[in-house]
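Here is the structure we will look at, set down as structure tokens.
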There are 2 protein chains.
Amino acid sequence: MLTQRQLLILQVIIDDFIESAHPVGSRVISKNGKIPFSAATIRNEMADLEEMGFLEKTHSSSGRIPSEKGYRYYVDHLMAPIPEDAGVNVIKHVIQDGFFEFEQLVQMSAEVLSKLTNYTSIILGPELVETKLKQIQIIALSDHTAVAILVTNTGHVEHRSFSIPIEMNPADLEKMVNILNEKLQGVSIIRLSEVFQTEITSLMQKYIRDFDKSYDYLKEIFFNEHPVKLYIGGKSNILMQPEFNDVDKIRSFFSMIENEDKMASLIKRTKDGIKVTIGNENKAEAIKDLSLITASYQLGENQMGTIALLGPTRMEYRKVITLLHVLSNEMTDALDMWYKNNE
Amino acid sequence: MLTQRQLLILQVIIDDFIESAHPVGSRVISKNGKIPFSAATIRNEMADLEEMGFLEKTHSSSGRIPSEKGYRYYVDHLMAPIPEDAGVNVIKHVIQDGFFEFEQLVQMSAEVLSKLTNYTSIILGPELVETKLKQIQIIALSDHTAVAILVTNTGHVEHRSFSIPIEMNPADLEKMVNILNEKLQGVSIIRLSEVFQTEITSLMQKYIRDFDKSYDYLKEIFFNEHPVKLYIGGKSNILMQPEFNDVDKIRSFFSMIENEDKMASLIKRTKDGIKVTIGNENKAEAIKDLSLITASYQLGENQMGTIALLGPTRMEYRKVITLLHVLSNEMTDALDMWYKNNE
DNA sequence: TATTAGCACTCGGAAGGTAAGAGTGCTAAC
DNA sequence: GTTAGCACTCTTACCTTCCGAGTGCTAATA
């Protein structure tokens with residue numbers, strides 16, 4: 001449907017525009033060497049490409065910029081694979097340097113990604129499907145206060161301080177911890193509150209004096225929703241992009257990015273593989289003039305989380321996709337190893 | 001030195017400018033009712049106030065805006081105490097609602113402060129002077145990995161996963177934990193690494209087989225610098241201020257605020273009480289056109305940390321100072337109680 | 001003597017006009 | 001099929017003009 005020459009022209013225009021952010025004129029293309037035709041010829045082809053919807057003009061006598069359809073075609077068919085990018089090694093290096101727990105890995109990844117790309121990175125997860133409770137500890141800080149600590153098989157630690165009800169004596173506290181550990185060890189984190197309610201409550205009521213009065217504190221610990229955590233890196237990177245030269249755009253970008261729920265729902269539905277959504281392809285109103293690229297990282301067969309990059313539609317798709325690909329694989333490998341160790 | 005009328009005029013101008021962000025003209029002042037003189041009279045006074053350095057013009061025929069000297073005078077002598085502010089109750093409410101540990105208190109405070117003021121809040125600390133180690137636990141996750149957990153008397157929990165060296169057997173691990181707990185309980189967090197090195201190392205070498213090989217992991221836990229933590233709230237609030245209508249200003253603001261070390265050093269030197277630094281009074285180049293207001297919160301006689309607000313020199317000093325005052329007291333009280341509980 | 005009315009003057013900002021430059025579309029020639 | 005040439009379009013920068021807000025000063029007034 002598109003001639004070889006048209007493909008080439010489209011590619012050159014998009015590559016050029018991604019780099020320069022300026023509309024591309026026919027003269028520039030004919031001079032750059034890749035296409036041995038005159039500006040006039042290229043102009044004709046450009047007119048055709050525009051008619052087919054791959055290019056746009058900002059005004060009647062401007063050069064061309066890619067349309068969203070143009071970007072889509074570019075991403076699907078035209079993008080030359082990136083030869084070698086220094087970023088790939090940076091990512092490998094950072095991940096293989098080791099990490100102490102899931103969250104650290106995720107946070108480091110978000111940072112490195114935003115630094116390498118100058119876009120905003122969003123990392124979701126890891127989801128807690130495979131995460132199981134390893135141990136519960138309650139440590140008294142004083143006569144009236146204590147801290148409860150939950151450790152998972154992935155090395156994640158959650159903790160919460162609380163006041164000890166006066167009715168409860170140390171022996172009871174100890175009994176309680178024993179019951180909790182016995183019944184909850186190995187239980188998946190997401191099932192914790194359920195099991196707690198069905199199996200623990202009655203048992204506790206039986207053995208612990210005045211259990212009902214202490215119940216509230218424990219409940220807080222276990223019914224705490226363990227929300228999927230969101231890491232956003234390079235929030236202000238967007239300021240470097242020329243399309244954000246307008247204070248209102250900056251404002252609306254920040255007000256969007258600071259709504260964590262919205263951000264999480266934005267990238268939640270990713271399946272396996274890398275997915276690119278360009279401009280209006282995004283369902284969320286707030287990012288209809290941005291592009292979002294998501295990739296998932298995995299543990300075994302269960303999806304665990306999602307990495308994403310948010311930037312202008314004029315994004316360095318080639319580079320970004322390469323980097324996301326590498327990072328996703330590296331994270332999957334790293335988590336795999338980590339998980340096997342903690343099985 | 002300044003007549004009563006001049007004081008009144010200065011006050012009205014500053015109040016008006018703080019609210020409107022527009023230069024204040026003589027007509028507006030004479031019409032607002034507080035000063036029963038004609039615009040011409042007020043003009044004369046304004047000229048005098050300008051000559052004395054309290055006011056400035058943006059151009060030869062503009063209304064007046066306060067100079068930094070003007071703001072300084074206003075803050076020191078002129079500011080009418082705020083009658084009642086809804087924010088005071090919000091703060092009290094939030095703090096008295098309870099918290100589970102220091103960090104949560106601090107974080108909540110930063111958030112509430114930036115929300116109430118629309119400026120950027122910075123909270124430093126709490127410093128760890130009074131914080132002592134309560135207990136150390138090492139929990140094995142698998143044959144090869146474990147997580148070390150440090151609990152302080154303030155309910156703070158630090159943790160770190162590490163690989164167990166193959167040479168070390170479970171009995172050794174247990175022995176190690178016992179030694180650590182025995183020697184380190186009650187030791188101040190900031191002295192932890194010191195005590196570890198002088199008292200623990202030799203003991204360990206004596207009792208634990210192949211201790212040298214596991215040393216590195218432990219070291220990481222105890223030599224980890226326990227940095228003073230910095231909480232910044234409302235980073236993008238500054239976008240609401242009309243003085244940040246320029247992308248370059250926004251850029252430089254964000255690049256400053258993201259440098260945590262710099263921010264920490266900015267507000268570190270605060271003594272007791274509330275301190276206002278206006279524009280060029282700030283030593284740091286980056287905030288020479290902003291105002292910074294700091295207050296410290298305390299525990300007993302040891303200063304613990306600092307709360308600060310960063311905004312344009314055209315700041316609502318009255319409101320901000322009131323709120324900081326209240327917050328500082330509330331935090332001090334809350335920490336006092338908390339600390340007594342955990343003594 | 002302190003205050004005020006009146007007025008000429010200044011400056012910023014919005015609105016409109018012009019010229020240069022980049023780029024197009026079309027036509028006609030190669 | 002390709003290209004040179006040219007008229008045309010639109011943006012951008014720059015200049016001019018005009019209005020309004022506000023000033024400083026002078027002279028009149030209480």
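The chains referred to below are lettered A, B, ... by the order of the sequence lines, with proteins before strands, and numbering in each begins at 1.
In this structure, B:Met46 places its CE atom 14 Å from P of D:dC25, rounding to the nearest Å. A:Glu45 places its CD atom 15 Å from the C1' atom of C:dT24, with the value rounded to the nearest Å. Between the P atom of C:dT4 and the CZ atom of B:Phe37 lies a distance of 6 Å, rounded to the nearest Å. For B:His22 and D:dG20, the NE2 to C1' distance is 15 Å, given to the nearest whole Å. Regarding A:Ile42, its CD1 atom lies at a distance of 18 Å from the P atom of C:dA22, rounded to whole Å. If you take CZ of A:Arg5 and P of D:dT3, they are 8 Å apart, rounded to a whole angstrom. Remark: P of C:dA22 and CD1 of A:Ile29 are 17 Å apart, rounded to the nearest angstrom. Following rounding to the nearest Å, B:Arg27 (CZ) and C:dG6 (P) show an atom-to-atom distance of 13 Å.
Residues in residues 14-38 of chain B take part in no ring pair (Phe, Tyr, Trp, His ring centres under 6.0 Å) pair, two or more places apart or across chains.
Of the possible polar contacts, one joining the B:Glu68 side chain to the B:Asn280 backbone as a donor-acceptor pair under 3.5 Å is found. In terms of modelled atom types and a separation under 3.5 Å, the side chain of A:Lys235 and the main chain of A:Glu258 share no donor-acceptor contact.
Side chains of A:Asp48 and A:Met52 form a contact here, defined as non-hydrogen atoms less than 4.5 Å apart. The shortest side-chain heavy-atom distance between B:Tyr231 and B:Glu111 does not fall under the 4.5 Å cut-off.
Residues of residues 56-66 of chain A that place a heavy atom closer than 4.0 Å to DNA chain D, in numerical order, are A:His59, A:Ser60, A:Ser61.
Candidate nucleotides D:dT23, D:dA4, C:dT3 were compared by shortest atom distance to the side chain of A:Ala40, and D:dA4 ranks first.
Residue side chain A:Arg43 reaches the base of C:dG25 through a donor-acceptor N/O pair under 3.5 Å, judged by distance alone.
A tilted orientation is assigned to the rings of B:Tyr71 and B:Tyr317, their planes being inclined by 30° to 60°.
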